[in-house]
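Per chain, numbering begins at 1; letters A, B, ... match sequence-line order.
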2 protein chains.
Amino acid sequence: MESTRTRIRRATINDVASAAGLSRGTVSRVVNGERYVSEDAKLAVEEAILKVGYVRNSVARNLVRQQSGAIGLIIHEPHSLLFEDPNIGSILLGANAVLSAADYQLVTLIIDSARDSRRVADYLQGGLVDGAVIVSARESDPIALAVKNLGVPAAFVGHPPGIPDIPYVAIDNAAAAEAITSHLLGTGRTRVGMIACALDRDSGQDRLAGFKAAMGELFDPELVVEYPLYTYGFGLEGMQELLRRRPDLDGVFAASDAVAAGAMTALQETGRQVPGDVGIVGFDDSSWALRCRPQLSTVRQPADLLGERAAELVLAQIRGLPSPAEVLETSVMWRGSA
Amino acid sequence: MESTRTRIRRATINDVASAAGLSRGTVSRVVNGERYVSEDAKLAVEEAILKVGYVRNSVARNLVRQQSGAIGLIIHEPHSLLFEDPNIGSILLGANAVLSAADYQLVTLIIDSARDSRRVADYLQGGLVDGAVIVSARESDPIALAVKNLGVPAAFVGHPPGIPDIPYVAIDNAAAAEAITSHLLGTGRTRVGMIACALDRDSGQDRLAGFKAAMGELFDPELVVEYPLYTYGFGLEGMQELLRRRPDLDGVFAASDAVAAGAMTALQETGRQVPGDVGIVGFDDSSWALRCRPQLSTVRQPADLLGERAAELVLAQIRGLPSPAEVLETSVMWRGSA
DNA sequence: ATGCGTTCTGTGAACGCTCCCAGACCCGTG
DNA sequence: CACGGGTCTGGGAGCGTTCACAGAACGCAT
């Protein structure tokens with residue numbers, strides 16, 4: 001981070017004051033729309049502002065007010081997920097909606113390397129934001145620890161294992177996975193596999209646990225394949241592997257819709273009929289689900305609500321209100337794929 | 001933006017100084033890793049920092065240094081594009097890579113309402129960032145004007161019409177569209193339509209212009225349908241409309257891969273063979289392209305490079321170096337869909 | 001006249017840091 | 001012994017605001 005110090009000097013509140021023949025205090029009052037300033041003074045200040053081209057220095061303001069009016073949203077995802085995971089966009093937009101309404105600025109920070117991780121932690125601790133929403137933290141995430149140590153108001157989307165006492169909003173992945181798997185079994189399948197992903201996260205772990213629970217007696221460890229990410233590509237690959245292990249498979253639970261879409265392609269490429277030969281269910285109810293032919297049976301997850309509620313939890317903390325963890329409802333969307 | 005002023009007082013540099021029995025100056029020197037501090041002093045300060053739990057207040061630091069070490073990346077997209085457009089993620093990651101290497105923090109600001117637009121403009125002007133990368137600006141964007149007025153170092157991704165003299169990095173959409181359309185015509189098609197999108201932007205306009213140029217004599221205005229966004233849904237709809245107008249259509253240029261994917265679905269649902277009956281080409285070379293069956297012939301657009309170069313342009317301005325506009329190369333990826 | 005409440009204005013004191021200058025100290029050299 | 005040069009430390013000034021307080025000016029009732 002270098003710099004050539006050549007930026008032209010910006011007008012300050014003092015420049016405005018002297019141009020208007022008034023004092024700092026009065027200028028500050030009109031800039032902030034406070035009471036107790038005469039009509040004459042107001043006009044003079046507004047004219048002076050235009051004349052000298054003044055715009056408020058937020059840094060100085062934030063320093064004295066001891067708050068920034070900004071909330072960070074931290075995304076810690078591997079490269080590819082930024083494109084593949086539709087939930088992130090929804091979470092982002094949901095959070096932005098409630099913060100915007102409360103006149104907070106949402107600033108999104110992405111972590112793509114260890115270096116980023118440190119810099120972002122500094123950013124959070126440095127007083128540059130009043131709080132943070134953290135998406136997809138992993139176990140022993142330095143960010144989570146930083147937040148915890150400094151007491152920055154924060155909320156997690158998803159329930160990071162190993163970080164107690166921090167407000168979060170999540171869905172019950174295990175229960176939802178169990179529910180959709182049961183639906184799938186309800187269509188009379190008996191040889192059902194799972195393409196599991198992201199087992200380093202609570203969502204991945206819990207979906208697998210839910211699957212096992214639903215399968216009960218029928219569960220066969222050989223019919224579970226594991227991949228690091230929720231992607232179309234791994235869905236394709238995972239399905240091929242499953243078919244290799246068990247060509248007579250008649251059902252599959254994919255850990256996300258993107259994965260399910262990949263699996264469906266793999267199935268159709270081997271000439272199998274969906275849902276005739278193999279039934280397939282996904283997770284997310286993202287735009288993937290409607291795009292598949294046949295359309296995907298899946299778990300509807302309210303991603304935008306997740307973002308909204310997380311933002312609300314952060315605001316609650318800032319305002320000194322209670323901010324209880326929250327588990328949002330999911331529902332099974334039953335469509336043509338199983 | 002309210003607040004209950006109850007945050008616990010943070011330790012300051014003075015607290016560290018008195019705990020270590022040294023002065024502010026010395027503490028500052030060790031915190032910033034400067035020379036001329038004795039080993040004893042360094043140890044004492046480090047111990048004191050741990051003891052009082054000090055973390056630097058970046059706001060105060062930024063105020064005196066008159067720089068923030070942060071670069072804003074502004075995304076002004078309608079809701080749905082945040083999920084559908086794979087380019088945005090690549091641009092983001094590209095920009096982050098170069099800024100991270102230069103030890104700048106990338107902060108992403110999204111605009112989703114007029115209110116956001118104003119707040120973001122304030123954020124940019126208020127000294128909270130040292131520069132900005134602006135993605136997908138539209139004509140007469142308030143953000144663009146704000147940047148222009150205050151002289152904040154900035155670079156645009158894409159070439160916003162009506163905003164001269166601002167560095168940008170873009171691709172030649174018209175030339176690329178012309179090239180791929182020519183390829184399509186080269187397979188012997190004569191009744192070729194286009195699903196055009198986002199005509200309020202340079203990319204949308206230019207792709208249409210390129211299409212027209214390639215078609216020459218063959219161009220038929222009835223075979224162009226227009227939609228506001230580059231989405232799968234509009235691709236589906238657009239293809240159905242085109243087929244209604246001209247059931248014997250034998251080729252189509254979709255304004256993006258997502259649009260092409262929708263179009264392909266529509267085509268296949270009417271029982272048409274791709275590329276046998278109808279050839280189809282897209283734009284972006286996103287993950288959509290490989291996901292279609294057959295795979296999509298498309299224009300490869302280096303989205304990550306776009307982000308990298310834009311970030312470099314901003315850094316160049318900060319360093320007082322020249323920052324010429326840049327047009328990046330595209331290439332035609334010829335695959336199975338035409 | 002005096003007092004009181006309201007509106008309006010100016011100013012000193014922060015906020016927490018960095019920068020710079022002055023001075024102390026130590027060492028080796030002429 | 002004086003001197004120059006390097007190393008180390010302390011502290012004043014200043015970054016551009018907001019905030020609290022003091023005081024001026026005014027009208028109105030006592």
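- For the pair Asn87(A) (side chain) and Ala303(A) (backbone), a donor-acceptor distance under 3.5 Å is absent.
- One interatomic measurement links the two molecules: CG of Asn14(A) to C1' of dT11(C), which rounds to 12 Å at whole-angstrom precision.
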Listing, residues 35-51 of chain A side-chain donor-acceptor contacts under 3.5 Å, not counting sequence neighbours, or none:
unit_1	atom_1	unit_2	atom_2	d
Ser38(A)	OG	Ala41(A)	N	3.2

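- Distance CD (Gln67(A)) to C1' (dT17(D)): 13 Å, rounded to an integer number of Å.
- Regarding Leu63(B), its CG atom lies at a distance of 7 Å from the P atom of dG16(D), rounded to whole Å.
- Note on Arg56(A): a side-chain N or O is less than 4.0 Å away from OP1 or OP2 of dT18(D).
- The side-chain hydrogen bond (donor to acceptor under 3.5 Å, both in side chains) test applied to Ser203(A) returns Tyr230(A), not counting sequence neighbours.
- In this structure, the side chain of Asp202(B) engages the main chain of His159(B) through a donor-acceptor pair within 3.5 Å.
- The side chain to side chain contact (heavy atoms under 4.5 Å, CB included) search around Val327(B) returns Asp172(B), not counting sequence neighbours.
- Partners of Glu312(A) according to the salt bridge (charged side-chain N to carboxylate O under 4.0 Å, His left out) rule, which considers only residues two or more places apart in sequence or in another chain, are Arg309(A).
- In this entry the distance linking CZ of Arg10(B) with P of dC15(C) reads 14 Å, nearest Å.
- OP1 or OP2 of dG16(D) lies within a sub-4.0 Å distance of a side-chain N or O belonging to Gln66(B).
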Side-chain donor-acceptor pairs under 3.5 Å in residues 108-118 of chain B, sequence neighbours left out?
unit_1	atom_1	unit_2	atom_2	d
Asp112(B)	OD1	His79(B)	ND1	3.1
Ser113(B)	OG	Arg115(B)	N	3.4
Ser113(B)	OG	Asp116(B)	N	3.1
Arg115(B)	NE	Ser100(A)	O	3.4
Asp116(B)	OD1	Ser100(A)	OG	2.6
Asp116(B)	OD1	Arg119(B)	NH2	2.7
Asp116(B)	OD2	Asn96(A)	ND2	2.9
Asp116(B)	OD2	Asp112(B)	N	2.9

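- Under the 3.5 Å distance criterion, with hydrogens and angles disregarded, no donor-acceptor pair is assigned to the side chains of Asn62(B) and Ser68(B).
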N/O-N/O pairs, protein side and nucleotides 11-14 of chain D side, under 3.5 Å:
unit_1	atom_1	unit_2	atom_2	d
dG12(D)	N7	Arg24(B)	NH2	3.1
dG12(D)	O6	Arg24(B)	NH2	2.3
dA13(D)	N6	Arg24(B)	NH2	3.1

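- Atom C1' of nucleotide dT11(C) and atom CG of Leu22(A) are separated by 14 Å, given to the nearest angstrom.
- For Arg56(B), the side chain to side chain contact (heavy atoms under 4.5 Å, CB included) partners at least two apart in sequence or on another chain are Val31(B), Asn32(B), Tyr54(B), Arg61(B).
- Taking 4.0 angstrom as the limit, Arg61(A) places a side-chain polar atom (N or O) nearer than this to OP1 or OP2 of dT18(D).
- For Ser323(A), the side chain to side chain contact (heavy atoms under 4.5 Å, CB included) criterion is met by Pro167(A), Leu313(A), Ala316(A), Gln317(A), not counting sequence neighbours.
- You'll find that the side chain of Thr12(B) is closest to dG16(C), out of dG16(C), dG16(D), dG10(C).
- Among residues two or more places apart in sequence or in another chain, the salt bridge (charged side-chain N to carboxylate O under 4.0 Å, His left out) test is passed with Asp15(B) by Arg9(B).
- Rounded to whole Å, the distance from CG on Asn57(A) to P on dC15(D) is 12 Å.
- Secondary-structure annotation of DNA chain C gives the stems C:1-30 with D:1-30, with a stem taken as at least 3 successive Watson-Crick or G-U pairs whose two distances both fall under 3.5 Å.
- One interatomic measurement links the two molecules: CG of Asn62(A) to P of dA14(C), which rounds to 21 Å at whole-angstrom precision.
- For Asp122(A), the side chain to side chain contact (heavy atoms under 4.5 Å, CB included) test picks out Gln125(A), with sequence neighbours left out.
- Interface residues of residues 31-43 of chain B facing DNA chain D, ordered by number: Tyr36(B), Val37(B), Ser38(B), Ala41(B); criterion, heavy-atom separation under 4.0 Å.
- OP1 or OP2 of dT18(C) sits under 4.0 Å from a side-chain N or O of Ser28(B).
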